[in-house]
Amino acid sequence: LAIINGKALQASLVILRNITTTLTSFPLFDLNLGRLTLSFSYYIDVTSVSFSQFTLQSAPLAVPQTMYTLTSSSMATVTGTNLTIFLSSLDLSGIKTIPGLATSRTTTYISFTSTAVRDNSHNLVAPVLNGNATQAAVFVPDTIAPFVTSFILDLNTGSLMLTFSKLVNIPALATSQIRLQNRQNANLDITQSVQLTGSLLQSTLISNVASLWLPVSVLQTFSSSFGTLQSNTYLTLTALTVSDLSSNPVVPILNTDALPPSASIKADTSPPALVAFDLNL
C-alpha cells in the first residue's frame, strides 16, 4: 500500500546517534598548497568547524615554543568523513616561523579540543590533546621558490625596499648579490650599474619585505641618467641573495631582463646640513 505525500506517517520513536566521533588519521599536511586533511569515524558538519581550536605541534607531547594554534584560517571542505582545512597566509607564515615545527613528517602533529568540530548528528568529537597528538601520514614540503614582486627606491631617505612573494630569511640576506642598473637589458647598450654591497638591513625580522639603507658609495653613483627615474633604474639579483624558510633560493633576476621599480623614485629633496667644522688658528 503506497503512502502518499500528505499522508506520511510520523515516526513513533527516534533514536539519536550517541556514538562519539573520533579522529581516525591525519592523512595529509601540504605546505605547498597550504592545506591539511583529517579523517574522522563519522561525517563532519563543515559549518561547525572552529579553526582556533586546532593546533599544529612538533611532537605528540610538545612545548608551547614548538606549537602553533590556527588564528585566521576560515575555509574548510568535507568529502565523506574527510575534513580539509585550507590554511590562511597568516597561519602558514606563523607555522613556518617556528623552528622545528612542520619541517618534515617527524615534526608534524595535530591536536584539537572537543569544540573544534561537530559531526552531522551535532555531537562534539573526541578531542586529541597535547600528549597524544596525531602525526601526519604524508608531509609535502614547501618547494616553491620565492621571487621579488616589487621594489621601491627612495633617494630622500637613501633606502630601497624589496617585497617578496613569501616569507624569506631576512637576517641572511646578502646585499652584495643585488645590483641596480640603468637599462632593463644590459646587453643592448652601455650600462651603468652598482652593487649594493655595504647596504644595511633596517630590520632583521623574518618577513616578506626587506628594507635597506643604501651606503653613500651607492647613492653617489646615481645621476640624471641612472637611479633617478623609473625608466633608468632596474634591479637584478642572484639566487644567492636570500632563501625562504624552507631553504628554497630566490628566483634570480637577470641583467638581461631586470625589474623596474613599482613606483616613481622619490627624489632627494633634503637640503645639505653642516654637521661639523674645524678651526685652526
Side-chain angles (χ1 to χ4, degrees), residues 2-96 98 100-143:
I3 300 175
I4 63 173
N5 184 23
K7 293 191 176 183
L9 297 179
Q10 184 178 17
S12 58
L13 177 65
V14 175
I15 300 176
L16 297 177
R17 182 178 184 275
N18 61 3
I19 301 172
T20 301
T21 297
T22 59
L23 180 71
T24 58
S25 66
F26 179 9
L28 176 67
F29 184 77
D30 189 334
L31 276 176
N32 260 345
L33 297 180
R35 67 182 184 183
L36 62 89
T37 300
L38 304 173
S39 291
F40 291 88
S41 60
Y42 193 66
Y43 303 103
I44 293 300
D45 177 9
V46 71
T47 65
S48 70
V49 178
S50 178
F51 297 93
S52 62
Q53 302 303 305
F54 291 89
T55 298
L56 272 297
Q57 52 191 76
S58 63
L61 175 62
V63 295
Q65 292 81 359
T66 59
M67 302 170 69
Y68 182 84
T69 298
L70 302 186
T71 60
S72 65
S73 295
S74 59
M75 182 178 175
T77 60
V78 167
T79 304
T81 58
N82 288 340
L83 170 69
T84 297
I85 295 175
F86 296 88
L87 300 171
S88 67
S89 58
L90 180 63
D91 281 340
L92 264 178
S93 298
I95 293 166
K96 291 178 180 180
I98 296 178
L101 174 61
T103 57
S104 67
R105 180 174 176 269
T106 58
T107 58
T108 306
Y109 291 77
I110 198 163
S111 62
F112 53 82
T113 70
S114 61
T115 59
V117 66
R118 292 176 181 267
D119 64 24
N120 276 359
S121 296
H122 206 59
N123 297 314
L124 295 172
V125 301
V128 175
L129 303 178
N130 184 26
N132 194 34
T134 300
Q135 185 180 26
V138 175
F139 175 87
V140 179
D142 178 4
T143 58

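What you see is a predicted model; the values in this text were computed from it and never measured. Residue numbers count from 1 along this sequence.
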Is there side-chain contact between [X] and [Y], with heavy atoms separated by less than 4.5 Å?
X     : Y      : result
Ser48 : Val117 : yes
Ile85 : Phe51  : yes
Leu61 : Asn130 : yes
Leu28 : Arg35  : yes

According to side-chain hydrogen bond (donor to acceptor under 3.5 Å, both in side chains), who are the partners of Thr84, at least two apart in sequence or on a separate chain?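 Expected list: Thr37.
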By side-chain hydrogen bond (donor to acceptor under 3.5 Å, both in side chains), which residues pair with Thr108, not counting sequence neighbours?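 Checked Thr108 against side-chain hydrogen bond (donor to acceptor under 3.5 Å, both in side chains); zero matches.
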So, applying side-chain contact (heavy atoms from CB on, under 4.5 Å) with Ile44, which one of Leu38, Asn82, Val125 is it?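 Only match with Ile44 under side-chain contact (heavy atoms from CB on, under 4.5 Å): Val125.
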Interatomic spacing from [atom1] in [X] to [atom2] in [Y] - rounded to 0.5 Å:
X      : Y      : atom1 : atom2 : answer
Phe86  : Leu33  : CZ    : CG    : 8.5 Å
Leu36  : Leu83  : CG    : CG    : 7.5 Å
Phe112 : Ser52  : CZ    : OG    : 13.5 Å
Leu101 : Thr103 : CG    : OG1   : 7.5 Å
Ser114 : Leu129 : OG    : CG    : 8.5 Å
Thr69  : Phe54  : OG1   : CZ    : 11.5 Å

Counting only N and O atoms by type, is there a donor-acceptor contact under 3.5 Å from the side chain of [X] to the main-chain atoms of [Y]?
X      : Y      : result
Thr66  : Ala62  : no
Gln135 : Arg105 : yes
Asp142 : Asn32  : no
Thr24  : Ser41  : no

For Asp91, what residues pass the side-chain contact (heavy atoms from CB on, under 4.5 Å) criterion, not counting sequence neighbours?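 In terms of side-chain contact (heavy atoms from CB on, under 4.5 Å), with neighbours along the sequence ignored, Asp91 is linked to Tyr68, Leu70, Thr71, Ser72, Ser73, Ser88.
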Considering non-hydrogen atoms only, spot the tightest contact between Gln57 and Gly131 and give its length.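 It is NE2-N, 4.4 Å.
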Check Met67 against Ile98 and note the closest heavy-atom contact, atom names and distance.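 For Met67 versus Ile98, the nearest heavy atoms are O-CD1, 3.3 Å.
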Test side-chain contact (heavy atoms from CB on, under 4.5 Å) on Phe26 and Val128 and set out the steps. CA-CA 11 Å; Phe26 179 9; Val128 175; over 6 Å; no
Between Thr81 and Ser39, is any side-chain donor less than 3.5 angstrom from a side-chain acceptor?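 There is no such pair between these side chains.
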Going by distance alone, is a donor N or O of one side chain under 3.5 Å from an acceptor N or O of the other, for Thr20 and Asn123?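 No, because no side-chain N or O of Thr20 sits under 3.5 Å from a partner of the opposite role on Asn123.
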Which word best sums up how the rings of Phe29 and Phe139 line up, parallel for under 30°, tilted for 30 to 60°, or perpendicular for over 60°?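 Phe29 vs Phe139 ring planes: parallel.
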